[in-house]
Amino acid sequence: MKRYYKIALFLLLLATCVGNVQAQGNKRQWTREMLDYKHEFIVKEIALTQAQRTKFMPLYEAMEKEIFSVYRNAREQAKKVDASNKKVGDDDYFTAAKAMAEVKYKVGEIETRYFNQFSKILSKKQLFLLKKAEAKFTNDMVGKKK
């Protein structure tokens, strides 16, 4: 369970970086470098062949973009309520709360959909190692931040 929270935390941190990219050009480069580093880490951890990598990485990047979009949407809904100077109504609170509550569900749907596509490219062992590699990467990054 802790692993999923750490993964969600990392994705949220990474999504925050991706969301701020438009305002700060230098962060765009940092984010791209971080994603490239993550992708290289995963490639090594699950021992992808070049053929697998060619098929897998575009799908993996598409999955990440969808997940970032879900986090960005929830963050924007929460920001509307937090940053509002006018009196916020119950409907606004409900919309923001619902968006935040649905994040895990939507991310799960996205991961499941892509898992089915990944299973056509990766071996069963590599599918298992992929989740471990993502968790290991997140733990390493959180550990380095401390």
Side-chain angles (χ1 to χ4, degrees), residues 1-43 45-46 48 52-53 55-146:
M1 209 55 181
K2 282 184 176 181
R3 181 177 69 170
Y4 293 114
Y5 287 116
K6 287 180 182 178
I7 290 170
L9 173 66
F10 174 75
L11 290 174
L12 185 60
L13 289 172
L14 198 55
T16 301
C17 291
V18 171
N20 292 332
V21 163
Q22 294 172 349
Q24 300 174 2
N26 61 347
K27 281 199 173 189
R28 178 176 292 150
Q29 182 179 356
W30 181 87
T31 303
R32 185 72 251 162
E33 289 173 3
M34 179 61 76
L35 288 173
D36 289 344
Y37 176 72
K38 178 183 179 186
H39 296 164
E40 289 302 318
F41 182 88
I42 288 172
V43 166
E45 288 290 312
I46 67 176
L48 286 179
Q52 286 177 314
R53 183 179 181 161
K55 293 177 184 176
F56 174 75
M57 290 316 294
L59 283 174
Y60 190 78
E61 288 179 14
M63 179 185 77
E64 285 181 317
K65 285 180 183 177
E66 284 187 46
I67 290 171
F68 294 154
S69 175
V70 169
Y71 280 110
R72 185 182 312 114
N73 180 47
R75 200 173 50 253
E76 288 171 357
Q77 293 295 327
K79 191 182 270 188
K80 285 179 185 175
V81 173
D82 290 341
S84 177
N85 291 333
K86 61 183 171 122
K87 185 175 179 179
V88 178
D90 285 343
D91 290 340
D92 297 325
Y93 282 120
F94 181 78
T95 302
K98 186 173 181 183
M100 291 167 27
E102 289 178 341
V103 166
K104 290 180 188 177
Y105 172 74
K106 289 178 180 179
V107 168
E109 274 186 333
I110 292 166
E111 287 182 348
T112 300
R113 184 168 23 94
Y114 278 93
F115 178 85
N116 293 330
Q117 295 177 35
F118 295 160
S119 67
K120 296 173 185 172
I121 300 167
L122 305 177
S123 70
K124 291 175 177 133
K125 182 178 179 180
Q126 286 173 319
L127 287 169
F128 174 76
L129 291 175
L130 173 62
K131 283 302 187 190
K132 288 188 70 155
E134 290 173 330
K136 184 176 179 182
F137 179 81
T138 302
N139 288 337
D140 288 353
M141 291 298 107
V142 170
K144 287 178 183 177
K145 186 168 182 159
K146 290 181 181 177

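We number each residue from 1, following the sequence as shown.
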Original post:
Between the side chains of E33 and Y37, does any donor sit under 3.5 Å from an acceptor?
Top reply: no

**OP:** Using the salt bridge (charged side-chain N to carboxylate O under 4.0 Å, His left out) rule, pick out the option among K106, K131, K104 that qualifies with E111.
**Re:** K131

Original post:
If every non-hydrogen atom of A74 is compared with every non-hydrogen atom of A99, which pair is closest and at what distance?
Top reply: CB-O, 3.8 Å

Original post:
Are V107 and Y71 close enough that some pair of their side-chain heavy atoms sits under 4.5 Å apart?
Top reply: yes

**OP:** Kindly check if the number of other-residue, nucleotide or ligand heavy atoms within 6.0 Å of CG (N116) is above 12?
**Re:** yes

Subject >> Atom CG of D91 with >12 non-hydrogen neighbours under 6.0 angstrom >> reply: no

Original post:
Which heavy atom of A133 sits nearest a heavy atom of F41, and at what distance?
Top reply: O-CE2, 3.4 Å

**OP:** Mark yes or no for whether S69, through its side chain, and K65, through its backbone, hold a donor-acceptor pair below 3.5 Å.
**Re:** no

Subject >> Nearest non-hydrogen partners of I110 and I67, listed with the distance >> reply: CG2-CG1, 3.9 Å

Original post:
What are the two closest non-hydrogen atoms of P58 and R53, and how far apart are they?
Top reply: CD-O, 4.0 Å

Original post:
Looking at CZ of F68 and CE of M63, how far apart are the two atoms once the value is rounded to the nearest 0.5 Å?
Top reply: 9.0 Å

Subject >> Counterpart residues, salt bridge (Lys or Arg N to Asp or Glu O under 4.0 Å), relative to E66 (two or more places apart) >> reply: R113

**OP:** Could I get the full list of salt bridge (Lys or Arg N to Asp or Glu O under 4.0 Å) partners for E76, not counting sequence neighbours?
**Re:** none

**OP:** Mind telling me whether F118 and Y60 have parallel, tilted or perpendicular rings, with 30° and 60° as the class edges?
**Re:** tilted

**OP:** Apply side-chain contact (heavy atoms from CB on, under 4.5 Å) to the pair L48 and L122, showing each step before the final yes or no.
**Re:** CA-CA 8 Å; L48 286 179; L122 305 177; 3.2 Å; yes

**OP:** Could you check if a side-chain atom of K124 sits within less than 4.5 angstrom of a side-chain atom of F128, using non-hydrogen atoms only?
**Re:** no

Subject >> E64 CD to K38 NZ distance, which is reported to the nearest 0.5 Å >> reply: 4.0 Å

Original post:
Are E134 and L130 side-chain neighbours, meaning at least one heavy-atom pair lies under 4.5 Å?
Top reply: yes

Original post:
Does H39 reach the side chain of E61, with side-chain heavy atoms less than 4.5 Å apart?
Top reply: yes

**OP:** Determine, step by step, whether D140 and K136 satisfy the salt bridge (charged side-chain N to carboxylate O under 4.0 Å, His left out) criterion, reporting the C-alpha distance in whole Å, the side-chain angles of both residues, the deciding distance to 0.1 Å, and the verdict.
**Re:** CA-CA 6 Å; D140 288 353; K136 184 176 179 182; 5.6 Å; no

Original post:
Taking Q52 for the side chain and I121 for the main chain, is one N or O donor matched with an acceptor at less than 3.5 Å?
Top reply: yes

Original post:
Does the side-chain contact (heavy atoms from CB on, under 4.5 Å) test come out yes or no for L129 and E45, once each step is laid out?
Top reply: CA-CA 7 Å; L129 291 175; E45 288 290 312; over 6 Å; no

Subject >> Spacing of CZ belonging to F56 relative to CD1 belonging to I42, to within rounding of 0.5 Å >> reply: 6.0 Å

